[in-house]
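Here the structure is laid out as structure tokens; the discussion comes afterwards.
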Amino acid sequence: MSKPEVLILQHAAWEKPGRILTDLEEIDLPTQTLNITTHKKPDMPDFNEVAGVVLMGGPMGATDFDDYPGLKAEAKLVRAAVSVGKPVIGVCLGHQIIATALGAKLKRNGTPEIGVMPIKRMERHDYFSMWSKQLDVLHWHTDAVTLPEGAQLLARSAETKVQAFRFGSALGMQFHLEVTPQLLEEWLDEPAMVKQLKASGGSKSQLRNAYAAIYGQLQPLAEQVFSGFAARCNTYARSLMN
């Protein structure tokens, strides 16, 4: 068989994998990027040839199956992957898809979190090991999730009780470690994103400056998380080829 690939599920054109893809490419892991949100019966790769799953962000709700039936297929894929120990990582909407697929509840946050704000470490794990008790990260969400039963809570914020968690082979992160300054500029060129930003009281210049100030501090954690995920996928790929 050909080398197993990592499946990247994108939900909006501007919600790209950024640093996640960079770390996968650095170890020559093949990837395939799909957007299946509107497909009732999406055409996806053979599950047995998938080395890992990446679920990106997007503007829809994680359980909005009527308008986006492909999300139901994504939830099914998450459960199947976790059941066999296949690596899964989810960002923002992807984090919420993982959580709800594993039995968590989806809810509207009291206050949207958009901009640079702190998260607090709850526990350490190899998947996500903050080196300090608190860290400023980039947020951009209006929904939140409860913690799936049996999951390990890794981080929270003042407004969102579940900012990061792990469940078996899956890691969910509500915030955006994957965003590079270049990708942020693409977000700030997207009218829907700018509308949300302004509605929350922010501005493009303010966010750009705030992110530039923390970007260097985020690099070690982002590198740890995404290179670790890539290594897990590579190990899983080798197990499929044996």
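Numbers for residues simply follow the sequence, beginning at 1.
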Specify the closest pair of heavy atoms between [X] and [Y], including all atoms of both residues, with the distance to one decimal.
X: G201; Y: Q206; value: O-OE1, 4.1 Å
X: E178; Y: P17; value: CB-O, 3.5 Å
X: L29; Y: A230; value: CD1-O, 3.6 Å
X: A237; Y: A51; value: CB-CB, 3.7 Å
X: P42; Y: A73; value: CG-CB, 3.7 Å

Are any of the side-chain heavy atoms of [X] and [Y] separated by less than 4.5 Å?
X: R124; Y: M130; result: no
X: I98; Y: F167; result: no
X: P30; Y: V6; result: no
X: T100; Y: V145; result: yes
X: V91; Y: L55; result: no
X: L221; Y: W131; result: yes
X: T22; Y: F226; result: no
X: T37; Y: M60; result: yes

Quiz question: by atom type and distance under 3.5 Å, do the side chains of Q163 and H95 form a donor-acceptor pair?
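No donor-acceptor contact under 3.5 Å links the two side chains.
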
For the residue pair T31 and E5, confirm or rule out a side-chain donor-acceptor distance under 3.5 Å.
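Checked: T31/E5 side chains show no N/O donor-acceptor pair below 3.5 Å.
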
Just grab all the ring pair (Phe, Tyr, Trp, His ring centres under 6.0 Å) pairs involving residues 15-69, residues at least two apart or on different chains.
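Sorted result for residues 15-69: empty, none.
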
Kindly determine whether Q174 and Q96 satisfy side chain to side chain donor-acceptor pair (under 3.5 Å), including the steps that lead there.
CA-CA 8 Å; Q174 183 61 72; Q96 296 163 9; 3.0 Å; yes

Given the rule that I, L, V, M, F, W and Y join up when any side-chain heavy atoms are under 4.5 Å apart, are [X] and [Y] in one cluster?
X: M44; Y: I8; result: no
X: Y127; Y: V88; result: no
X: L24; Y: L34; result: no

Say whether, by atom type as modelled, one donor and one acceptor occur between the side chain of H139 and the main chain of V116 under 3.5 angstrom.
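Between the backbone of V116 and the side chain of H139 there is no qualifying donor-acceptor contact (under 3.5 Å).
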
With distance as the sole test, does W187 use its side chain to make a donor-acceptor pair with the main-chain N or O of M193 at under 3.5 Å?
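Side chain of W187 to backbone of M193, a donor-acceptor pair under 3.5 Å: no, none is there.
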
Nearest 0.5 Å please: distance from the CE atom of M241 over to the CZ atom of R238.
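With rounding to 0.5 Å, CE (M241) is 10.5 Å from CZ (R238).
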
Starting at NE2 of H141, measure out to NE2 of H176 and round the result to the nearest 0.5 Å.
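Answer for the NE2-NE2 pair, H141 versus H176, is 8.0 Å.
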
Looking at D43, I'd like to know if its CG atom is crowded, meaning that more than 12 non-hydrogen atoms belonging to other residues, nucleotides or ligands lie closer than 6.0 Å.
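Check fails, neighbour count at 12 or below.
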
Using 4.0 Å as the upper bound for N to carboxylate O, is an ion pair formed by R108 and D143?
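Looking at D143 and R108, the cut-off is met.
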
Within 45° cone and under 6.0 Å: R121 NZ/CZ vs F128 ring:
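Cation-pi check for R121 and F128: fails.
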
Under the salt bridge (Lys or Arg N to Asp or Glu O under 4.0 Å) test, residues paired with E185 that sit two or more places apart:
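Listed in chain order: R208.
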
